[in-house]
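By convention in this document, chain letters (A, B, ...) are assigned in the order of the sequence lines, proteins followed by strands, and residues within each chain are numbered from 1.
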Amino acid sequence: MLLDFNLKQILKELKAKGKPLPKEYLDLGLAFWLINPDEKDYSPENLSRRYLHEGFDPLAGGFSKLFQFAEKKLKGYKLEKLFHEVEMPLVEILADMELAGIKLDLKHLKDLDKKLEKQLTELAKDVYKKTKNTFNLNSPKQLGDILFNKLKIDLGGVKKTRGGAISTDVDTLLTIKDRHPVVPLILEYRELFKLHSTYVRPLQELADANGRVHTTYIQTGTATGRLSSQNPNLQNIPAVGEWAKEVRKAFIAEKGFKLAALDYSQIELRILASLSSDPNMMEAFNNDVDIHKLTASQVFKVPLEKVTPDMRRLAKTLNFGVSYGMGANAFAKTSGLSVAEAKKFIQDYFANFKKVREWQEETKAQARQQGFVTNLNGRRRLTLEASSMYSREAGEAERAAINMPVQGLAADILKMAMVKIQEEFKGNKDVRLLLTIHDELLFEIKENKVLEAVKEIKKIMESAYELEVPIRVEAKTGVNWGELTNLK
DNA sequence: CGCATACGCGCC
DNA sequence: AAACGGCGCGTTTGCG
């Protein structure tokens, strides 16, 4: 039995050298992450410091002693199954995904790069002209000074930052966009600069000799059970808007292959329906009704046919917000309603989904009383601040507490599906899992195998876990990530 | 000079 | 005045 930290890295190195993998291995960092996922650092040095007060010196006894210590805790917390059957098998899967990487259309990126640079130069020039000033457009401080001190734009409705400065974020710029002709230019500059500096430019630099980029997944990177991705982060590639589409078009399939994206439809809301056993919400999913539309019809008290796109959009915000514990203030801000109206909508929402509120209240009580919450698989997270005397702190912990069982189970379901998919397609060179984006898996599949493989993957994903409502997966395919089309 | 922080923003 | 859960990253700015 090989016990170590960073086993993914070890496996990657062995694979790269064509050497055989150890028969049995366990990752200690992962074990300790399951025990307490809120630690930032899962190195042996830090764990030693962290657990010293329990009369234990991990470094003294070596990794074997350390694992004995972890094993006891995993057992006590009923986390062994998650550890041995989900997280550990995932290590090699992630290693393979990282080694595979995803192919980039470097020519497309270069063209995009040029277009963005040209646009940015023009926009900046225009901004300097309209403000009669030359300054660093990327400095919120300088920008705020120009907009509100030099141009004396009205401050009505403009908020302050944490540090007390006048905010220049998108929300602020949108509220003042009709107060001065330069503001829309700044909004556009912001959008394009972000795309260029965060995506288009770095991606080109990170591509290997075959034009593929290799992310690194951090398996101990979140407190809820999700994965995170870094260097580059391929879980936050732009998805909305025309420019975003151009960026996504740069992610392509190898010659002879196609990309296939399979994503869980409304997985978190399905989980919420299931956990709360809310009859109303369960019925929607059992009957395959559009949940946002249904919510709209109930909150607005109109028949389904009378739901307008605006009503649906509002209901969608409500549906998402509720699982995060959103209050009237935040809902008002994101929906454009007044706080009073927002409050009313949230009330109506919970009147319709009574059991959802009950479940949330029970979970918050648990968080306060036991100091931790768990999801259906035993995945746990400490919630010590839930009983804080500071209401802001307690509120934050409560919101995290009601979110974790939902987000954490969604993460588990995806991970369990990944493990099953790997078992099914082990050694199959025609089907490669490339990326995971929380509720979505992106594959590269040999052209003539796409239909067959996608059908099988979809089946596995939809049956990876049994909820009280059906789980649905949508599949899309195409030659690049920006132009995928539905596959049914 | 390097480093940490503030700010802002991309995704689910 | 008042944070909506989970992340990673680029740029600016101020500090040692």
Side-chain angles (χ1 to χ4, degrees), chain A residues 37-38 40 135-144 159-173 186-187 189-203 206 215-218 220-241 243-244 247-248 263-269 272 317-335 339 342 346 360 363 373 381 383 390-408 410-411 414 435-441:
Chain A
D38 273 293
K40 305 257 182 273
F135 60 100
N136 188 344
L137 249 172
N138 301 318
S139 162
K141 192 181 169 183
Q142 293 182 37
L143 178 62
K159 56 188 176 180
K160 299 264 175 79
T161 66
R162 257 185 324 213
I166 303 169
S167 176
T168 67
D169 66 10
V170 171
D171 275 350
T172 304
L173 294 180
I186 294 166
L187 278 164
Y189 177 91
R190 277 264 175 88
E191 185 193 346
L192 301 196
F193 189 86
K194 176 84 177 181
L195 252 46
H196 184 249
S197 67
T198 308
Y199 304 101
V200 174
R201 203 182 53 205
L203 281 175
L206 291 168
T215 186
T216 301
Y217 289 105
I218 311 296
T220 57
T222 75
T224 56
R226 278 185 175 180
L227 297 163
S228 75
S229 153
Q230 63 179 207
N231 281 319
N233 181 353
L234 295 183
Q235 293 180 325
N236 74 344
I237 301 300
V240 179
W243 286 100
V247 174
R248 288 208 167 205
D263 71 289
Y264 282 109
S265 159
Q266 315 289 1
I267 185 77
E268 292 200 5
L269 279 174
L272 185 61
T317 310
L318 208 43
N319 272 325
F320 276 111
V322 162
S323 61
Y324 300 152
M326 182 170 62
N329 262 315
F331 181 48
K333 225 184 71 178
T334 45
S335 62
V339 176
I346 294 175
Q360 292 191 335
T363 307
V373 291
R381 182 176 187 187
T383 55
Y390 303 104
S391 62
R392 187 187 59 83
E393 211 172 76
E396 275 176 17
E398 284 180 350
R399 290 191 294 274
I402 59 170
N403 182 250
M404 185 272 169
V406 178
Q407 191 183 118
L414 188 92
L435 303 181
T436 156
I437 308 109
H438 309 306
D439 62 357
E440 172 183 353
L441 296 175

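For the pair Asn236(A) CG and dG8(B) C1', the interatomic distance rounds to 13 Å; values are reported in whole Å. Note: CG (Leu203(A)) to C1' (dG10(B)) measures 12 Å, nearest angstrom. As a whole-Å value, the separation of Tyr217(A) OH from dC12(B) P is 13 Å. Rounded to an integer number of Å, the gap from Glu191(A) CD to dC11(B) C1' is 15 Å. In this structure, CG of Asn233(A) is placed 12 Å from C1' of dC9(B), rounded to the nearest angstrom. Atom P of nucleotide dC9(B) and atom CH2 of Trp243(A) are separated by 18 Å, given to the nearest angstrom.
Nucleotides dC7(B) and dA3(C) place their C1' atoms 15 Å apart, quoted to the nearest Å. Taking atom P in both dA2(C) and dG8(B), one finds a spacing of 13 Å when rounded to whole Å.
Panel note: side chain Tyr217(A), backbone Thr436(A); a donor-acceptor pair is recorded below 3.5 Å. A donor-acceptor contact shorter than 3.5 Å links the side chain of Thr215(A) to the backbone of Gln230(A). For the pair Arg381(A) (side chain) and Ala401(A) (backbone), a donor-acceptor distance under 3.5 Å is absent.
On the nucleic acid side, DNA chain C contacts chain A at distances under 4.0 Å to non-hydrogen atoms, with the end points of that region at dA3(C) to dG14(C).
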Base-pair map of DNA chain C as dot-bracket, where | denotes pairing with a different strand and pairs are Watson-Crick or G-U under 3.5 Å: ....|||||||.||||
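The nearest heavy atom of DNA chain C to Gly321(A) and to Pro202(A) marks one nucleotide each, and the one closer to the 5' end goes with Gly321(A).
Listed by first and then second residue, the salt bridge (Lys or Arg N to Asp or Glu O under 4.0 Å) pairs involving residues 229-239 of chain A amount to none (not counting sequence neighbours). Counting only residues at least two apart or on different chains, no salt bridge (Lys or Arg N to Asp or Glu O under 4.0 Å) pair has a member in residues 227-239 of chain A. Screening residues 396-408 of chain A for salt bridge (Lys or Arg N to Asp or Glu O under 4.0 Å) gives Arg368(A)-Glu398(A), Arg392(A)-Glu396(A) as the qualifying pairs, with residues at least two apart or on separate chains.
In this structure, Gly221(A) reaches the sugar-phosphate backbone alone: every heavy-atom distance under 4.0 Å involves primed, P, OP1 or OP2 atoms, never a base. At the heavy-atom level, Val240(A) lies under 4.0 Å from the strands shown only through sugar-phosphate atoms. If you check every strand for non-hydrogen atoms under 4.0 Å, Phe193(A) touches sugar and phosphate atoms only.
Every residue meeting the side-chain contact (heavy atoms from CB on, under 4.5 Å) condition with Lys159(A), not counting sequence neighbours, appears here in chain and number order: Ser167(A), Asp169(A), Asp171(A), Thr172(A), Lys333(A). Applying the salt bridge (charged side-chain N to carboxylate O under 4.0 Å, His left out) test to Glu268(A) and every residue at least two apart in sequence or in another chain returns Arg226(A). Partners of Tyr189(A) under the ring-ring contact (aromatic ring centres under 6.0 Å, His included) rule, at least two apart in sequence or in another chain, are Phe193(A).
To the nearest 0.5 Å, the span separating OG1 on Thr168(A) from CD1 on Ile186(A) amounts to 8.5 Å. Between the CG atom in Leu441(A) and the CG atom in Leu435(A) there is a gap of 9.5 Å [rounded to 0.5 Å].
Of the residues in residues 223-230 of chain A, those with a non-hydrogen atom less than 4.0 angstrom from any atom of DNA chain C are Ala223(A), Thr224(A), Arg226(A), Ser228(A), Ser229(A), Gln230(A). In the region residues 135-144 of chain A, proximity to DNA chain B at under 4.0 angstrom, judged on heavy atoms, holds for Pro140(A). Using a 4.0 Å cutoff on non-hydrogen atoms, the parts of residues 160-172 of chain A near DNA chain B are Thr161(A), Arg162(A), Gly163(A), Ser167(A), Thr168(A), Asp169(A), Val170(A), ordered by number.
Side chains of Met404(A) and Thr383(A) form no contact here, defined as non-hydrogen atoms less than 4.5 Å apart. Inter-residue side-chain proximity for Leu234(A) and Ile437(A) is flagged as unmet; no heavy-atom pair is nearer than 4.5 Å. Looking at Val339(A) and Asn329(A), their side chains come closer than 4.5 Å, going by heavy atoms from C-beta outward. Side-chain contact between Leu187(A) and Val170(A): present, with at least one pair of heavy atoms (C-beta onward) separated by less than 4.5 Å. Between Ile346(A) and Met326(A), the closest side-chain pair of non-hydrogen atoms is not below 4.5 Å.
Residues Thr224(A) and Gln407(A) share a closest heavy-atom pair of OG1-OE1, 2.7 Å. The two residues Asn136(A) and Gln142(A) have their closest heavy-atom pair at N-OE1, 2.9 Å.
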Would you tabulate the pairs of protein nitrogen or oxygen atoms and nucleotide nitrogen or oxygen atoms of nucleotides 2-5 of chain B closer than 3.5 angstrom?
none

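Remark: the Thr317(A) side chain and the Thr334(A) side chain contain no N/O donor-acceptor pair separated by less than 3.5 Å.
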